[in-house]
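First up is the structure itself, then whatever we jot down about it.
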Amino acid sequence: MADRYEPSSFEQKWQERWKEAELFVTRENPGAPKFYGMDFFPYPSGAGLSVGHCRNYVPTDVICRMKVMQGYNVLHPMGFDAFGLPAENEAIKRQSHPAPMIDRYADNYHRQMDLIGISYDWSRSFKSSDPSYYKWTQWIFEVLYKRGLAYRKLAAVNWDPVDKTVLADEEIVGGRAERSGALVEKKWIPQWFFKITDYAQRLIDDLDELDWPEGIKAQQRNWIGRSEGVQFAMSVDMEARGAEGEASGGRIDLDSAPSRPTPNASRLSFEVFTTRIDTVFGMTFCVLAPELPLVEELKRIVDREHVEAIEAYQLHARTMSDTDRQAENREKTGVFTGAYAINPANGKRVPIWIADYVLATYGTGAIMAVPGHDQRDFDFALKFGLDVVPVIQPTEEYLKSHQATLEDYAANVRAYTPVFESKDSVLMNSGEYDGISVAESQRLLGEWVEALGIGERKIQYKLRDWLISRQRYWGCPIPVIHSKEGEMQVVPKKDLPVELPWVENYEPTGDGTSPLAHIPDFVNCTDLDGRLGQRETDTMGGFACSSWYFLRFTDPHNENEAWSQEAANYWMPVDCYVGGAEHAVMHLLYARFWTKVLYDEGLVSVKEPFSRLENQGQVLAMTPYRKPREGEVLGIGEEGILTSFAEAKALPEDQLMWRWARMSKSKGNVVTPEEAVEQYGADALRMYLLFVAPFNADVQWSNEGMAGQARFLSRIFKLVDDLRPSYVPEWRDLIPFEEMDDAAKKVRRLTHQTVKRCTDDIDRFAFNTYVSWLMKYVNGLPSLSRQSRDGEGAGGGETRATALAVSEALETLILLLAPGAPHSSDELWASLGKDGFTLNEAWPRYEESLAAEESVTIAVQVNGKLRDTFEAPVSADNEELEMAAKGLPKVQPHLEGKTVRKVIVVPGKLVNIVAN
RNA sequence: GCCGGGAUGGCGGAAUGGUAGACGCGGCGGUCUCAAAAACCGUUGAUCCAAAAGAUCGUGCGGGUUCGAGUCCCGCUCCCGGCACCA
């Protein structure tokens with residue numbers, strides 16, 4: 001047995017033994033509590049795992065291993081998110097079929113995970129592209145469909161011209177497809193949606209009970225975007241037809257008499273939504289989204305000149321890309337429609353404009369514009385010379401900071417930017433509501449709108465329905481048959497799965513149809529009634545597959561059901577779910593939605609799938625960038641141009657910049673687990689990943705850091721080797737009957753303190769301090785055991801008591817180390833003459849009485865400043881402590897010539913003498 | 001702009017309102033060695049002092065609460081992440 005950490009001599013051996021013993025197969029001991037620990041479902045990329053991915057898997061493994069040792073039934077599964085765009089794109093690039101390719105990649109992931117000793121139960125593994133899995137994805141589609149939560153409609157959707165498919169809102173970042181980076185275009189295609197909007201409120205409400213990072217919860221709340229307001233009808237003034245003179249300038253005369261309804265004209269009206277009904281008197285114009293159907297109606301009542309202007313603007317809005325539309329600080333654009341509406345609050349006519357700063361997809365697609373108190377409306381009014389009427393009194397501070405009087409402000413609002421938006425002021429220019437507070441008038445005006453019957457208080461969400469269709473081959477087919485008559489039928493459970501046909505050519509067509517549409521054998525079928533029909537040819541986006549896989553893991557081989565109620569009820573929810581923060585509004589929102597639907601359907605007993613969520617930090621590696629050459633332009637926020645390590649070597653220093661960047665194959669800065677294991681060992685890699693930084697913080701990777709952990713492991717091997725002669729295997733039976741001397745007590749004290757800290761730290765994901773405590777333990781043990789060997793008792797020599805305490809320490813050390821460095825622990829365990837695996841041993845228990853200190857160091861402060869410390873027995877009372885503190889020679893000088901006013905004694909901690 | 005999270009030695013980071021800097025990396029000094037590496041031992045926040053003893057300062061900035069603040073409160077600055085013309 002070596003006295004050093006020599007990973008190559010034993011790590012692989014233990015991995016083979018674990019496999020042979022089926023050590024990681026899920027235990028289902030009756031009566032034991034359960035723990036479901038899981039990592040995010042990975043897509044197995046061809047690049048393989050980097051040490052960055054290991055930072056996700058190792059900590060989960062540590063907590064799962066500890067839970068096993070604590071006697072929990074632990075479910076710790078791994079599978080692969082195999083369907084989807086990345087896999088298909090990769091296969092096209094390699095001119096192969098995605099199915100065998102993804103199998104190869106998944107096998108490689110599995111091999112790499114074994115290489116670092118992750119304790120997954122591989123007997124439960126599956127890929128989302130297995131027909132035995134997606135059969136049930138299709139079945140859940142049916143559940144959604146039957147509940148009215150899956151529907152098809154013609155929609156303007158995000159079209160990615162590079163990947164040639166439609167994408168969900170969540171997959172678009174800044175107007176570009178997150179994956180391909182292409183500018184997204186608008187395209188009108190019939191699409192499948194899941195009605196997640198029905199669950200918006202529950203998705204917000206139930207966040208409260210989740211033990212998730214606040215940031216992720218906030219992102220979800222934000223994304224769902226609840227706002228409370230009032231929606232009310234505005235009627236179009238049918239006199240508009242004749243209002244030529246005023247129309248061109250757009251300016252209206254606020255003093256003009258309220259217009260009279262025109263009895264004969266057909267009434268036109270539209271609804272607006274506002275969260276600021278208190279500002280309704282300040283409405284000086286209305287704005288419609290250019291694509292709103294109402295605009296077509298307005299065209300019929302205004303003159304030709306305005307129709308032409310409207311159409312020109314509509315064309316402009318339609319052809320503009322989303323990116324241009326979302327460009328920062330964009331100048332406002334828009335045109336006057338020639339029509340007017342009536343402000344119901346004061347009966348005044350307000351011009352109706354169209355502008356693209358109003359979105360057709362939010363609220364009603366139309367707004368009441370209040371330039372006095374909304375920056376966007378203000379900008380628009382300024383640009384087009386529209387009236388600005390303030391209706392909230394500016395506060396004293398506001399006036400002071402703008403060096404203005406109230407009169408001055410009211411007369412020249414246009415000159416004041418930013419717009420006054422305070423919500424703790426009172427109204428003005430608002431008729432009978434003048435002087436009433438903003439909050440109060442919001443309530444009163446809301447009631448007024450409802451009493452008048454023109455509208456109601458309403459809650460709006462930004463969340464839109466989940467677009468699930470993909471016009472791509474490599475995905476789960478949507479199990480629907482279209483009849484010639486245009487009816488739709490969902491394929492019933494007995495006919496599932498609708499299998500994805502194996503074809504050579506599956507490249508996307510780009511015409512808005514799926515490649516499946518060009519496979520007659522797939523498309524043509526008979527429907528439930530025996531009539532000829534055609535299959536739906538869109539496939540589901542990958543997020544459908546990953547919205548329920550955690551349920552399948554509870555019962556992965558079930559051929560008759562997606563899962564048995566018994567299995568799901570036992571294991572769900574996932575107790576600890578670990579992965580990157582980038583899935584905050586996609587996977588994590590979708591999975592919550594599906595779980596709620598399945599709960600409503602009575603298929604699962606939980607409303608939420610993941611009770612605790614942890615996000616690991618990213619692993620950054622030093623990456624070379626160079627200065628841009630002539631003609632090269634840097635993107636926003638870029639400091640240099642990514643270059644290869646090879647090229648960097650050849651560059652002069654002044655051209656080169658080293659930056660920390662996320663480890664990724666494209667940056668060429670990846671360290672693989674193979675390299676790390678080869679050079680330092682799997683346990684050194686694991687321990688370094690745990691120790692290097694807090695779990696959720698980013699890490700600046702260094703290979704040298706692993707050397708430190710290898711050294712630490714070597715010290716453990718050395719320590720165990722040194723202390724082994726003292727080891728008494730039966731210590732547990734003997735120790736209660738042995739009188740403990742001081743040295744033995746000290747060893748036991750340190751042992752039990754360490755057990756407590758390590759256990760707590762793993763539970764709260766503080767893996768860096770878990771490793772610290774082990775280090776401290778290893779540092780402390782030799783001197784303690786030496787003390788004992790040198791003998792506190794007469795004649796020296798190790799006492800029986802110390803030998804027993806050291807035996808306990810040896811076993812405890814190895815078992816506490818086991819989750820972090822399982823190979824080394826099993827090797828050390830065997831070196832004590834033990835059979836079997838540390839994973840099958842009980843996690844050490846902490847005993848308060850043994851961990852308790854006999855004496856404590858008391859800090860002595862004078863006026864809050866530390867002056868000295870002294871040792872006192874734990875039992876010392878306040879008076880004793882105070883006396884002892886006052887008597888200290890180092891304290892005395894600070895009390896000289898002063899009167900003691902007060903003495904604060906915190907037992908076991910400090911004495912603070914207040915004197916002046 | 002809005003939301004969330006941060007800021008502690010040369011570096012990564014510890015600290016239930018109670019001795020700031022645990023633990024590690026790096027540095028410095030030493031042991032071993034012909035020498036080096038490795039390993040081991042000691043030391044390591046800053047300033048003042050020949051040194052020790054000691055003193056003073058010190059957790060992004062400015063205030064406050066408290067016997068006592070890295071920690072709590074108010075007001076800022078900067079950094080990271082997310083959302084962003086959502087009415």
Side-chain angles (χ1 to χ4, degrees), chain A residues 4 173-174 213-223 225-227 229-231 272-277 279 286-287 289 325-330 332 355-359 361-370 373-377 379-380 418 421 460-464 581-582 584-585 615 617-618 687-688 691-694 696-700 702 704-705 707-709 711-712 714-715 718 757 766 768-779 857-870 890 893 901-915:
Chain A
R4 279 176 36 202
V173 177
E214 274 314 308
I216 301 286
K217 292 208 252 184
Q219 271 187 60
Q220 291 212 349
R221 285 193 195 98
N222 233 323
W223 186 263
R226 178 194 154 102
S227 22
V230 175
Q231 186 169 317
V272 295
F273 174 76
T274 179
T275 55
R276 296 297 305 274
I277 192 66
T279 63
C286 282
V287 188
R325 194 168 172 156
Q326 283 165 13
E328 249 179 286
N329 300 329
R330 221 184 101 230
K332 293 275 184 292
D356 64 5
Y357 84 92
V358 172
L359 308 176
T361 45
Y362 179 79
T364 61
I367 61 158
M368 67 172 212
V370 184
H373 303 285
D374 181 283
Q375 189 65 48
R376 297 156 301 187
D377 298 342
D379 294 343
F380 194 80
E421 291 184 75
Q460 274 291 340
Y461 301 92
K462 284 192 228 172
L463 185 71
R464 311 214 191 119
E582 65 274 14
V585 291
N615 297 128
Q618 299 182 5
M687 293 292 278
Y688 176 59
F691 180 69
V692 62
N696 55 12
D698 286 354
V699 170
Q700 299 178 346
S702 87
E704 294 71 40
Q709 292 303 315
R711 200 151 51 227
F712 170 55
S714 278
R715 294 223 317 273
K718 178 81 168 29
R757 303 307 295 251
N768 55 333
T769 49
Y770 153 64
V771 177
S772 295
W773 283 103
L774 286 178
M775 288 174 165
K776 226 174 150 167
Y777 191 32
V778 169
N779 291 344
T857 310
I858 304 292
V860 183
Q861 299 178 333
V862 177
N863 293 331
K865 263 190 186 163
L866 182 72
R867 294 305 173 186
D868 201 2
T869 62
F870 69 98
K890 285 185 187 172
R901 301 287 174 196
K902 196 172 175 183
V903 179
I904 285 109
V905 181
V906 183
K909 296 269 190 199
L910 63 64
V911 177
N912 186 12
I913 302 165
V914 185

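Below, read A as the first sequence line, B as the second, and so on, with proteins coming before strands; counting in each chain starts at 1.
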Give me the distance, rounded to whole Å, that separates [N] from [M] when you measure between the [atom1] atoms they each carry.
| N | M | atom1 | answer |
| --- | --- | --- | --- |
| B/G68 | B/G58 | P | 15 Å |
| B/G6 | B/U71 | P | 13 Å |
| B/C78 | B/G60 | C1' | 8 Å |
| B/A46 | B/G9 | P | 12 Å |
| B/A14 | B/U19 | C1' | 15 Å |
| B/C25 | B/C34 | P | 28 Å |
| B/U43 | B/C48 | P | 23 Å |
| B/G5 | B/C72 | P | 12 Å |

* **Base B/C83 paired with A/K462 side chain (donor-acceptor, <3.5 Å)** => no
* For the residue pair A/Y357 and A/F380, categorise the inter-ring angle as parallel (less than 30°), tilted (30 to 60°) or perpendicular (more than 60°). => tilted
Across all strands, who's sitting opposite [N] as a Watson-Crick or G-U wobble pair, both distances under 3.5 Å?
| N | value |
| --- | --- |
| B/C2 | B/G82 |
| B/A55 | B/U47 |
| B/C72 | B/G64 |
| B/G42 | B/C28 |
| B/G17 | none |

* To do: Would you sort out whether A/Y362 and A/S227 count as a side chain to side chain donor-acceptor pair (under 3.5 Å), showing the intermediate values?
  => CA-CA 11 Å; A/Y362 179 79; A/S227 22; 3.0 Å; yes
Nucleotide nearest [X] when distance is taken to its side chain, options [options]:
| X | options | answer |
| --- | --- | --- |
| A/L866 | B/A87, B/A14, B/A20 | B/A20 |
| A/R715 | B/G24, B/U19, B/G12 | B/G24 |
| A/K890 | B/A15, B/C85, B/G54 | B/G54 |
| A/V906 | B/G24, B/G82, B/G18 | B/G18 |
| A/S772 | B/A22, B/G13, B/G24 | B/A22 |

Protein-nucleotide distance ([X], atom [atom1]; [N], atom [atom2]), rounded to Å:
| X | N | atom1 | atom2 | value |
| --- | --- | --- | --- | --- |
| A/F380 | B/A87 | CZ | C1' | 14 Å |
| A/K909 | B/G17 | NZ | P | 11 Å |
| A/M687 | B/C25 | CE | C1' | 16 Å |
| A/R221 | B/C3 | CZ | C1' | 11 Å |
| A/E214 | B/G4 | CD | C1' | 9 Å |
| A/F712 | B/A39 | CZ | C1' | 17 Å |
| A/N779 | B/A14 | CG | P | 18 Å |
| A/Q618 | B/G81 | CD | P | 9 Å |

* Taking the side chain as C-beta and beyond, is there a heavy-atom pair between A/K865 and A/R867 under 4.5 Å? -> yes
* Asked: Is A/Q231 close to A/T274 at the side-chain level, that is, under 4.5 Å between some pair of heavy atoms?
  -> no
* What does nucleotides 63-68 of chain B look like as a protein-contact string, B for base, S for sugar-phosphate only, - for none, at under 4.0 angstrom between heavy atoms? -> ----BS
* To do: Could you tell me whether B/G9 is syn or anti, where syn means a glycosidic angle within 90 degrees of zero?
  => syn
Below 4.0 angstrom from OP1 or OP2 of [N], is there any side-chain N or O of [X]?
| X | N | result |
| --- | --- | --- |
| A/S702 | B/G12 | no |
| A/N768 | B/A14 | yes |
| A/K865 | B/C57 | yes |
| A/R867 | B/U56 | yes |
| A/Y362 | B/A87 | yes |
| A/R711 | B/C25 | yes |

Contact class for [X] vs. all strands (heavy atom < 4.0 Å): base, sugar-phosphate, or nothing?
| X | result |
| --- | --- |
| A/T869 | base |
| A/P213 | nothing |
| A/S227 | sugar-phosphate |
| A/K332 | base |

* To do: Just do the side-chain contact (heavy atoms from CB on, under 4.5 Å) check on A/W223 and A/L463 with the steps written out, would you?
  => CA-CA 6 Å; A/W223 186 263; A/L463 185 71; 3.6 Å; yes
* **Residue whose nearest RNA chain B nucleotide is more 5′ - A/A218 or A/V771** => A/A218
* **Comparing A/A366 and A/I858 on RNA chain B - which has the more 5′ nearest nucleotide** => A/I858
* A/K332 atom NZ, over 12 foreign heavy atoms within 6.0 Å -> yes
Between [X] (side chain) and [Y] (backbone), is there a donor-acceptor pair under 3.5 Å?
| X | Y | answer |
| --- | --- | --- |
| A/S702 | A/G705 | yes |
| A/D698 | A/Q618 | yes |
| A/Q861 | A/I913 | no |
| A/N863 | A/A915 | yes |
| A/N912 | A/I904 | no |

